[in-house]
Amino acid sequence: MRNALHAPLLAALLTTAVAITESRAEDIALPAGIIASTSTGYWQDDAAAMPAAEPAPGEATAAKQARHGYYKLYAVRQADRTSRVYLQQIVATEDGPKVLSTTELTDITALRAIVTDIRPENSGGIIREPGLFATVFLKTDADADAEAWNVMRDELGEITVEKAP
């Protein structure tokens, strides 16, 4: 009998929890066209090579601090089912991550392929060298097996896109 009295209350609480979860998901939802994405690798500026910041009047000169961050590689589905692939450089700030630059990987876009997956070199979270290495899996024919293409960005910022061996 006691469980029967609590059932309506439990149902109301579950309904409220689902409604709260759904509204929060809308606040952080990715655009529907993003079909694959990975964040991987890292980069950092050399503080000694950066220009000195101009101090505000009455302030001491701020010490130069190296910027640092990571890379995000993602594919956007087009109306014709093909994909455009972009590489973003993300900078870590006190207010959270910010996009520093976005570059379309035209070598992949030109293939007019369907991207099926993007994978980082290392899913363990520890990258020992600066740069990026990720693999984009794509199909130039919808009925064929996916091909692997490697995307690399070295510590100097050079981007290389090549078919995996």
Side-chain angles (χ1 to χ4, degrees), residues 16-79 81-138 146 148-164:
T16 302
V18 169
I20 290 170
T21 302
E22 288 175 4
S23 67
R24 286 186 186 155
E26 289 175 11
D27 293 340
I28 60 170
L30 288 172
I34 305 293
I35 56 172
S37 175
T38 190
S39 296
T40 187
Y42 78 91
W43 64 271
Q44 67 183 35
D45 289 333
D46 179 7
M50 294 176 61
E54 291 292 324
E59 286 185 4
T61 303
K64 292 187 265 182
Q65 293 192 358
R67 296 180 307 168
H68 65 280
Y70 58 94
Y71 298 102
K72 184 187 317 180
L73 184 65
Y74 64 95
V76 179
R77 183 179 175 156
Q78 304 301 298
R81 296 184 58 212
T82 64
S83 302
R84 296 175 82 159
V85 178
Y86 297 89
L87 176 61
Q88 287 186 327
Q89 187 173 6
I90 310 296
V91 63
T93 71
E94 290 180 11
D95 298 328
K98 304 279 187 237
V99 175
L100 186 64
S101 67
T102 302
T103 304
E104 182 173 2
L105 302 181
T106 55
D107 293 348
I108 293 177
T109 299
L111 295 171
R112 304 201 39 78
I114 301 166
V115 171
T116 61
D117 196 7
I118 298 177
R119 296 184 191 164
E121 173 184 22
N122 177 347
S123 294
I126 299 174
I127 306 295
R128 301 203 189 297
E129 298 292 324
L132 160 110
F133 184 95
T135 303
V136 177
F137 294 88
L138 54 87
W149 286 72
N150 294 329
V151 177
M152 296 151 284
R153 185 166 187 172
D154 65 22
E155 66 278 1
L156 302 175
E158 293 295 318
I159 300 170
T160 305
V161 177
E162 62 188 19
K163 191 170 182 179

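Computation of the quantities below employed the complete heavy-atom set of this structure, encompassing side-chain atoms and omitting hydrogens, waters and symmetry-equivalent molecules. Nothing here was measured: the structure is a model prediction, and the numbers come from that model.
For Lys98, the NZ atom is densely surrounded, since the number of other residues' heavy atoms within 6.0 Å is greater than 12.
Counting only distance, with no hydrogens or angles, the side chain of Thr160 and the backbone of Met152 share no donor-acceptor pair below 3.5 Å. Side chain of Trp43 to backbone of Ile90: a donor-acceptor contact under 3.5 angstrom is found. In terms of modelled atom types and a separation under 3.5 Å, the side chain of Gln78 and the main chain of Val76 share a donor-acceptor contact.
Remark: of the listed residues Val115, Ile108, Ile118, Val115 is the sole one forming a side chain to side chain contact (heavy atoms under 4.5 Å, CB included) with Ser83.
Tyr42 contributes atom OH, which lies 13.5 Å from atom CD of Gln89 (distance to the nearest 0.5 angstrom). Remark: Thr82 OG1 to Arg77 CZ distance equals 9.0 Å, nearest 0.5 Å. Separation of atoms CG (Leu138) and OG1 (Thr116) is listed at 7.0 Å; rounding is to 0.5 Å. We find the CD-CZ distance between Glu158 and Arg153 to be 8.5 Å, quoted to the nearest 0.5 Å.
Proximity of Thr40 to Leu73: side-chain heavy atoms (C-beta onward) are nowhere separated by under 4.5 Å. A heavy-atom distance below 4.5 Å is not found between the side chains of Tyr86 and Ile34. Residues Trp149 and Val85 are not in side-chain contact: their nearest non-hydrogen atoms beyond the backbone lie 4.5 Å or more apart.
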Inset, instruction - Tell me, with the steps shown, if Leu132 and Tyr70 meet side chain to side chain contact (heavy atoms under 4.5 Å, CB included). - result: CA-CA 8 Å; Leu132 160 110; Tyr70 58 94; over 6 Å; no

Inset, instruction - Might you work through the side chain to side chain contact (heavy atoms under 4.5 Å, CB included) test for Tyr71 and Gln88, ending with a clear yes or no? - result: CA-CA 6 Å; Tyr71 298 102; Gln88 287 186 327; over 6 Å; no

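In plain terms, the two heavy atoms of Arg67 and Leu100 that are nearest each other are NH1-CD1, 3.6 Å.
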